[in-house]
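From a predicted model like this one, the values you see are computed outputs, not experimental measurements.
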Amino acid sequence: MIIKPRVRGFICLTAHPTGCAAHVQEQIDHVRGKGAIENGPRNVLVVGASTGYGLASRITAAFGSGARTMGVFYERPPREGKCATAGWYNSAAFHRAASAESLYARSFNGDAFSDEMKATVVEAIKEDLGQIDLVVYSLASPRRQHPRTGEVHKSVLKPIGEHYSARTLDTDRSEVSEVEIEPATEREIQDTVTVMGGEDWELWMEALNGAGLLAPNATSVAYDYIGPEVTWPIYTNGTIGRAKVDLRAAGQRISELLKANAGGDAFISVNKALVTQASSAIPVVPLYISILYRIMKEKGTHEGTIEQIQRLFATHLYNNEVPKLDDKGLIRIDDLEMEPEVQQEVNEIWPQVTSENLREITDFAGYQEDFLKLFGFGLSGVDYDQEVDPMVSLDG
Ligand code: NAD
């Protein structure tokens, strides 16, 4: 079939298998181009491995350090006449590339929040890898069925305690408008913490530790975002920010667990705002990213997910380096985004943006390009008028 983008709001209903493979290959090429990451991880588990920061982590571990990787994700496989989600095609492409280099890769498609998935992965590690020395926790999900109560919790992106109104960008219509969001209820705050907080990360680490599968010196890392003050009411001080506070607290407990386990440690890495399936759903963020991209590209400091994670591995976690932590104990690979000159320019451009000048004074074109790339569209060298078979299996 011929597959074209079908965008609805902040999602694209279609994904292109060849384009997703080209996108994965671009990321592999970047990591290879940067050279080997010395003393890198050997056996890696990535939870949330099929798109965004998790996929970049899996690619960096495998192609930067020759690591054997297990990936967990929740993607829709293809059906006759209907394409799979992008994360499925990304993972299939990752498997093909890994297999071409005789690099071990095994993936599990299903609900990472469930006890069943944890038990399945524990058994697979026992069978295939023995022990894990890096666990990357990179889930972003709108819902979680709690494994103990069976209750389904839904996360919301809302401010806390106050009504919020701000400029936002309707990416579908290319329109800048005002968004009004009511504060979250106590229940919504709790639900968001249950979905996006640290409980599940801790459950994964306890399951691995309980089965004796954490190697001495095992490391774990989860991803966080802080960003500029313009986004704080909806992000850092909002429901998702509350979940991140919970994630950091879990990180400290996991750090204790790993230190007790022969000197390992856990880290929170604060990453840059980038176009991913998760971030495009957050009000205000697409407008901020469009402004940020323009400034960082002009300065030559722009990075995508793969550049960010390659830098995390090569300058903090491995390569004979040690993690450089801020005064709150966090790794900051958002350092270039948060440079004062960059943020000052964001503040200057922000109030000037209108639907009319959006393309002139921001990099909305770059935003749209990256958004389509998430689904395998707009990759150079891919002929989108060619018939393509959507029935791609995960192992190639
Ligand atoms: P993403 O949407 O690209 O990836 C989410 C991953 O989670 C996918 O692999 C998906 O399949 C998987 N997933 C979702 N629900 C699942 C479930 N129930 N079971 C198994 N897998 C499931 O998201 P992302 O933007 O890469 O976010 C990853 C982490 O990075 C999040 O913690 C996010 O807060 C953080 N982060 C993102 C940004 C950003 O700008 N995108 C910035 C800083 C930090």
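In terms of modelled atom types and a separation under 3.5 Å, the side chain of Gln308 and the main chain of Asn271 share no donor-acceptor contact. Side-chain atoms of Glu307 come within 3.5 Å of backbone atoms of Gly304 as a donor-acceptor pair (strictly under, hydrogens ignored). Side-chain atoms of Trp88 come within 3.5 Å of backbone N or O of Val392 as a donor-acceptor pair. Here the side chain of Ser255 pairs no donor or acceptor atom with the backbone of Gly251 at under 3.5 angstrom. The backbone N or O of Leu214 lies less than 3.5 Å from a partner atom in the side chain of Gln131, making a donor-acceptor pair. In this structure, the side chain of Thr192 does not engage the main chain of Ile240 through any donor-acceptor pair within 3.5 Å. With Lys118 contributing its side chain and Ala207 its backbone, the two residues share no donor-acceptor pair below 3.5 Å.
Criterion: ILVMFWY side-chain heavy atoms under 4.5 Å apart, direct or through other members. Under it, Tyr318 and Val221 are part of a common hydrophobic cluster. A continuous path of Ile, Leu, Val, Met, Phe, Trp and Tyr side chains, each step under 4.5 Å between heavy atoms, connects Phe377 with Leu379, placing both in one hydrophobic cluster. In the hydrophobic clustering of this structure, Leu394 does not group with Val44; members are Ile, Leu, Val, Met, Phe, Trp, Tyr whose side-chain heavy atoms approach within less than 4.5 Å, directly or through other members. The hydrophobic clustering, which links ILVMFWY residues whose side-chain heavy atoms are closer than 4.5 Å, places Tyr225 and Ile268 apart. When hydrophobic clusters are built by joining Ile, Leu, Val, Met, Phe, Trp and Tyr residues whose side-chain heavy atoms come closer than 4.5 Å, directly or via intermediates, Leu257 is grouped together with Leu213.
Of the inter-residue distances, the one linking Asp191 atom CG with Arg143 atom CZ reads 12.0 Å to the nearest 0.5 angstrom. A distance of 5.0 Å separates CD of Gln352 from CD1 of Ile361, quoted to the nearest 0.5 Å.
Around CZ of Phe10, the count of heavy atoms belonging to other residues, nucleotides or ligands within 6.0 Å does not exceed 12. For Glu175, the CD atom sits in a packed shell: over 12 heavy atoms of surrounding residues, nucleotides or ligands are nearer than 6.0 Å.
Closest approach of Phe313 and Ser57 over heavy atoms only: CZ-O, 4.0 Å. In terms of heavy atoms, Ala105 sits closest to Ala98 at CB-CB, 4.1 Å. Across every non-hydrogen atom of Thr51 and Gln277, the tightest pair is CG2-NE2, 3.8 Å. Shown here for Tyr89 and Ala15, the closest heavy-atom pair between the two residues is CE1-O, 3.5 Å. Between Pro142 and Val195, the shortest heavy-atom distance links the atoms C-CG1, 4.1 Å. Minimum heavy-atom separation, Ala84 to Pro78: CB-N, 3.4 Å.
Residue pairs that meet the side chain to side chain donor-acceptor pair (under 3.5 Å) test with at least one member in residues 156-166, sequence neighbours left out, are Lys158-Glu188, His163-Glu180, His163-Glu182. Applying the side chain to side chain donor-acceptor pair (under 3.5 Å) test to every pair with at least one member in residues 62-76, sequence neighbours left out, gives these pairs: Asn43-Arg68, Ser50-Glu75, Arg58-Thr69, Glu75-Thr85. Contacts classified as salt bridge (Lys or Arg N to Asp or Glu O under 4.0 Å) and involving residues 320-335 (residues at least two apart or in different chains) are given here: Arg311-Asp335, Glu321-Lys324, Asp326-Arg332, Arg332-Asp334. Residue pairs meeting the salt bridge (Lys or Arg N to Asp or Glu O under 4.0 Å) criterion with at least one partner in residues 12-30, sequence neighbours excluded, are Glu26-Lys373. Within the structure, the salt bridge (Lys or Arg N to Asp or Glu O under 4.0 Å) test picks out the following pairs touching residues 3-12 (sequence neighbours left out): Lys4-Asp385. Sorted by first then second residue, the side chain to side chain donor-acceptor pair (under 3.5 Å) pairs that include residues 233-245, not counting sequence neighbours, number zero. Within the structure, the salt bridge (Lys or Arg N to Asp or Glu O under 4.0 Å) test picks out the following pairs touching residues 245-262 (sequence neighbours left out): Glu202-Arg253, Asp224-Arg248.
The pair Glu345-Lys299 fails the salt-bridge criterion, with no side-chain N (NZ, NE, NH1 or NH2) lying under 4.0 Å from an Asp/Glu carboxylate O.
When only modelled atom types and interatomic distance are considered, Thr219 and Asp265 share no side-chain donor-acceptor pair under 3.5 Å. Judged by distance alone, the side chains of Ser269 and His316 never bring a donor and an acceptor atom under 3.5 Å apart. A donor-acceptor pair shorter than 3.5 Å can be found between the side chains of Gln368 and Arg359. Tyr104 and Asp128 share a side-chain donor-acceptor pair at under 3.5 Å. No donor-acceptor contact under 3.5 angstrom links the side chains of Ser220 and Trp204, judged on distance only.
Shown here are the side-chain contact (heavy atoms from CB on, under 4.5 Å) partners of Gln344, two or more places apart in sequence or in another chain: Glu348. Every salt bridge (Lys or Arg N to Asp or Glu O under 4.0 Å) that Arg148 has, sequence neighbours left out, goes to Asp115. Among residues two or more places apart in sequence or in another chain, the salt bridge (Lys or Arg N to Asp or Glu O under 4.0 Å) test is passed with Glu387 by none. For Lys297, the salt bridge (Lys or Arg N to Asp or Glu O under 4.0 Å) partners at least two apart in sequence or on another chain are Asp363.
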| task | For Thr171 and Ser280, run side-chain contact (heavy atoms from CB on, under 4.5 Å): C-alpha distance rounded to whole Å, both residues' side-chain angles, the deciding distance at 0.1 Å, then the answer. | result | CA-CA 9 Å; Thr171 48; Ser280 47; over 6 Å; no
| task | Determine, stepwise, if the pair Glu178 / Arg167 fulfils side-chain contact (heavy atoms from CB on, under 4.5 Å). | result | CA-CA 4 Å; Glu178 288 288 313; Arg167 314 190 125 211; 3.8 Å; yes
| Chi angles and distances behind the side-chain contact (heavy atoms from CB on, under 4.5 Å) call for Thr315, Asn319 | CA-CA 7 Å; Thr315 68; Asn319 234 5; over 6 Å; no
| query | Hey, mind stepping through Thr168 and Ser177 against side-chain contact (heavy atoms from CB on, under 4.5 Å) and telling me if it holds? | reply | CA-CA 6 Å; Thr168 194; Ser177 57; 3.9 Å; yes
| request: Go through the steps to decide whether Glu151 and Arg187 satisfy the test salt bridge (charged side-chain N to carboxylate O under 4.0 Å, His left out), and finish with yes or no. | output: CA-CA 13 Å; Glu151 200 182 329; Arg187 173 69 202 259; 2.7 Å; yes
| Run the salt bridge (charged side-chain N to carboxylate O under 4.0 Å, His left out) check on Arg106 and Glu127 step by step: do they pass? | CA-CA 12 Å; Arg106 189 165 169 189; Glu127 279 165 26; 3.4 Å; yes
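With side-chain heavy atoms closer than 4.5 Å counting as contact, directly or through intermediates, the hydrophobic cluster containing Leu103 also holds Val24, Ile28, Val31, Leu55, Ile59, Phe63, Phe94, Ile306.
At a threshold of 4.5 Å between non-hydrogen side-chain atoms, the residues Val353 and Leu169 do not count as touching. Side chains of Cys12 and Leu374 form no contact here, defined as non-hydrogen atoms less than 4.5 Å apart. The closest side-chain heavy-atom distance from Glu303 to Ile333 is not below 4.5 Å. Using a 4.5 Å heavy-atom threshold, the side chains of Phe375 and Ile3 count as separate. For the pair Leu203/Pro147, a side-chain contact is recorded, criterion being any heavy-atom separation below 4.5 Å from C-beta on.
Ring-plane geometry between His16 and Tyr384 is classed as perpendicular, the angle between the planes exceeding 60 degrees on a 0 to 90 degree scale with a lower cut at 30.
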